[in-house]
Amino acid sequence: MRNRWLVVLGALIVQMCLGAIYAWSVFVNPLKDQFGFTTTQTQAVFSIGLATFALVMVFAGRWQDKIGPRVVAMTGGLVLGIGYILGGLTGGSFWAIALTVGLIGGAGIGLGYVCPIAAGVKWFPDKRGLITGLAVAGFGGGAWIFAKLASSLIVSVGLLSTFVYLGIIFAVAVVVGSLFLVNPPEGYKPEGWEPKKVETKTKSGKKAIENYTWKEMLKTPQFWFLWLMFVFGAAAGLMVIGNLKPFGVFSGMTAAMAGSAVGILALFNAAGRISWGWLSDKLGRTKSMFLMFLLQGIMMLVLMKMGSTALLLGVAAAWIGFNFGGNFALFPSTTADFFGTKNIGVNYGFVFTAYGVAGIVGPILGGRVFDVTGSYLWAFIPAGIVCLLASMLSFFTKHPNKA
């Protein structure tokens, strides 16, 4: 690899396809109307995909740490594609779609997701936050592209055929993007850049560790602080992503207007990944986390009032998408800062299990609360409170070698 920016290109191609899962809300009403799904069932498929994504990423991270990112990412693309293609052959059964699109598709995302991040932080130690944001921006941007494409396909060819077409696109595109993913040579550093010296001892007198193993990482309070913050912030964002279109329709929007809000959220999700990554390089990781969670918490507390007009819903979607996207720039770059890059694949895989928990709690809570109460109020308010708790936790999260 003569040009390290080609790795970023490959990362964007891969992540755009993996990010189609964030367009899930465009499938919610068609599944309810055509196949009789409840709101809870539609969110259960989404949550199964997210939870499987997070769990498989631990295995994928360890695998790519050993053999490199290319083969693992290719495998992920093929598994993702197969999951969606099989989903189109299910006939609309809830359990069959949960198994294919949810479980198999989620496993494919989990295999592919960590590879671009791990390669990027190794090639760009001088721009870790920005490059992590760029590497995962495709995940947010892909949701906008595939929300538009899926909505059009559902109208023209039907829901199940849409799954088949998407599966073919995912398999081909991820394999192509994976060709650009490769690790740098051992000991690589950009020209003119020198790494910061690692303290030989922590403030408590213990010998500092430059590259933590996952077992060493799990023993640190910093890991658990990061994990909890990730759960809180991601649960709020995923609740909105999984329910945004039906919430807009519930609030009086047309399906088309509510669908536009999904696209807005996806675009700002991508922008937030780049912007928060860049800002964290300047401001610091934990200070950026404080601001991000504070802003997200405020919006979640007022979100029920934001569905009355298309403009307000668009503002809310942009705000939530922008801050939600920041999670995926700040947490991998912080993991690399705190615990080193040698084992970044498996280490971030463990941090990312927080996203799996959030993927179960957030969307299903939103769907279940609506089924029981006929409103999203008592889902959005608790989500806002835990985001504010996450902002407070950031004050206690310091580098392990400075603790």
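- Here the side chains of Thr132 and Val121 are in contact, with some heavy-atom distance below 4.5 Å.
- A distance of 9.0 Å separates CE of Met289 from CZ of Phe230, quoted to the nearest 0.5 Å.
- Checked against the 6.0 Å centroid criterion, the rings of Trp24 and Phe27 qualify as a close aromatic pair.
- Closest non-hydrogen pair, Ala60 versus Leu111, comes out as CB-CA, 3.7 Å.
- Atom CG in Leu388 sits 5.5 Å away from atom CG in Leu301 (nearest 0.5 Å).
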For Phe339 and Asn211, run side-chain contact (heavy atoms from CB on, under 4.5 Å): C-alpha distance rounded to whole Å, both residues' side-chain angles, the deciding distance at 0.1 Å, then the answer.
CA-CA 6 Å; Phe339 307 114; Asn211 287 293; over 6 Å; no
Can you list, pair by pair, the side-chain donor-acceptor contacts under 3.5 Å of residues 322-335, counting residues two or more places apart and other chains?
| from | atom 1 | to | atom 2 | distance (Å) |
| --- | --- | --- | --- | --- |
| Asn323 | ND2 | Trp319 | O | 2.9 |
| Asn327 | ND2 | Phe324 | O | 2.9 |
| Ser333 | OG | Ala329 | O | 2.6 |
| Ser333 | OG | Leu330 | O | 3.1 |
| Thr334 | OG1 | Leu330 | O | 2.5 |
| Thr335 | OG1 | Phe331 | O | 2.7 |

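- Taken to the nearest 0.5 Å, the OG atom of Ser25 stands 8.5 Å off from the CG atom of Leu265.
- Not less than 6.0 angstrom separates the ring centroid of Phe370 from the ring centroid of Phe247.
- Side chain of Asn343 to backbone of Trp214: no donor-acceptor contact under 3.5 angstrom is found.
- Of the possible polar contacts, none joining the Ser93 side chain to the Thr90 backbone as a donor-acceptor pair under 3.5 Å is found.
- Nearest heavy atom pair, residue Gly374 against residue Phe250, reads O-CE1, 3.2 Å.
- The six-membered or imidazole ring of Phe290 lies near that of Phe395, with a centre-to-centre distance under 6.0 Å.
- When ring centroids are compared, Tyr212 and Phe338 stay outside the 6.0 Å threshold.
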May I have the step-by-step check of side-chain contact (heavy atoms from CB on, under 4.5 Å) for Met74 and Leu181, ending in yes or no?
CA-CA 10 Å; Met74 284 183 178; Leu181 300 182; over 6 Å; no
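- Proximity of a side-chain donor or acceptor of Gln296 to a complementary backbone N or O of Gly233 within less than 3.5 Å is not detected.
- Counted within 6.0 Å of CZ on Phe350, heavy atoms from surrounding residues, nucleotides or ligands total more than 12; the atom is thus considered enclosed.
- You'll find the side chain of Trp276 reaches within 4.5 Å of the side chain of Leu291, heavy atoms only.
- A pairwise comparison of heavy atoms in Pro246 and Asn29 identifies CB-OD1, 4.4 Å as the closest pair.
- At least one donor-acceptor pair under 3.5 Å links the side chain of Gln43 to the backbone N or O of Gly242.
- Contact annotation: the side chain of Phe124 never approaches that of Arg128 to less than 4.5 Å [non-hydrogen atoms, C-beta and beyond].
- Distance alone, capped at 3.5 Å, is enough to place a donor-acceptor pair between the Arg273 side chain and the Val136 backbone.
- Thr39 approaches Gly367 most closely through the heavy-atom pair CG2-CA, 3.7 Å.
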Should Thr353 and Trp227 be marked as a side chain to side chain donor-acceptor pair (under 3.5 Å) after you check the CA-CA gap, both sets of side-chain angles, and the distance that decides it?
CA-CA 8 Å; Thr353 58; Trp227 192 89; 2.9 Å; yes
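- Put simply, the side chain of Arg70 gets close to the backbone of Leu179: a donor and an acceptor are under 3.5 Å apart.
- Using a 4.5 Å heavy-atom threshold, the side chains of Ile168 and Ile85 count as touching.
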Stepwise side-chain contact (heavy atoms from CB on, under 4.5 Å) check, Leu31 with Ile97:
CA-CA 10 Å; Leu31 286 169; Ile97 289 178; 4.0 Å; yes
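- A donor-acceptor contact shorter than 3.5 Å links the side chain of Trp123 to the backbone of Val182.
- By the 6.0 Å contact criterion, CZ on Phe396 is open, its count of non-hydrogen atoms from other residues, nucleotides or ligands being 12 or less.
- A donor-acceptor pair under 3.5 Å links the side-chain atoms of Ser260 to the main chain of Ala256, judged by distance alone.
- The OG atom of Ser394 lies 9.0 Å from the CE atom of Met292; values are rounded to the nearest 0.5 Å.
- Between Arg368 and Leu365 the shortest side-chain heavy-atom distance does not fall below 4.5 Å.
- Once rounded to the nearest 0.5 Å, the distance linking CE of Met239 with CG of Asn243 reads 7.5 Å.
- In terms of heavy-atom proximity, Leu377 sits nearest to Ser375 at N-OG, 3.1 Å.
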Evaluate the criterion salt bridge (charged side-chain N to carboxylate O under 4.0 Å, His left out) for residue pair Asp337 and Arg285; output intermediate values, then yes/no.
CA-CA 9 Å; Asp337 288 350; Arg285 312 291 184 216; 2.6 Å; yes
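- A centroid separation of 6.0 Å or more is found between the aromatic rings of Phe35 and Phe94.
- The main-chain N or O of Gly129 is found under 3.5 Å from a side-chain atom of Asp281 such that the two form a donor-acceptor pair.
- The distance from atom CZ of Phe223 to atom CG of Leu228, rounded to the nearest 0.5 Å, is 9.5 Å.
- Here the side chains of Ile241 and Phe46 are in contact, with some heavy-atom distance below 4.5 Å.
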Evaluate side-chain contact (heavy atoms from CB on, under 4.5 Å) for Met306 paired with Leu313, printing each intermediate quantity in order.
CA-CA 5 Å; Met306 301 294 287; Leu313 187 63; 5.6 Å; no
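- Looking only at side-chain heavy atoms (C-beta outward), Met257 and Val249 stay at 4.5 Å or farther from each other.
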Walk me through whether Phe232 and Phe293 qualify under ring-ring contact (aromatic ring centres under 6.0 Å, His included).
CA-CA 9 Å; Phe232 293 160; Phe293 289 129; 8.6 Å; no
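- A donor-acceptor contact shorter than 3.5 Å links the side chain of Glu216 to the backbone of Thr213.
- Considering every non-hydrogen atom in both Pro190 and Pro125, the closest pair reads CD-CG, 3.6 Å.
- A heavy-atom distance below 4.5 Å is found between the side chains of Leu303 and Ile320.
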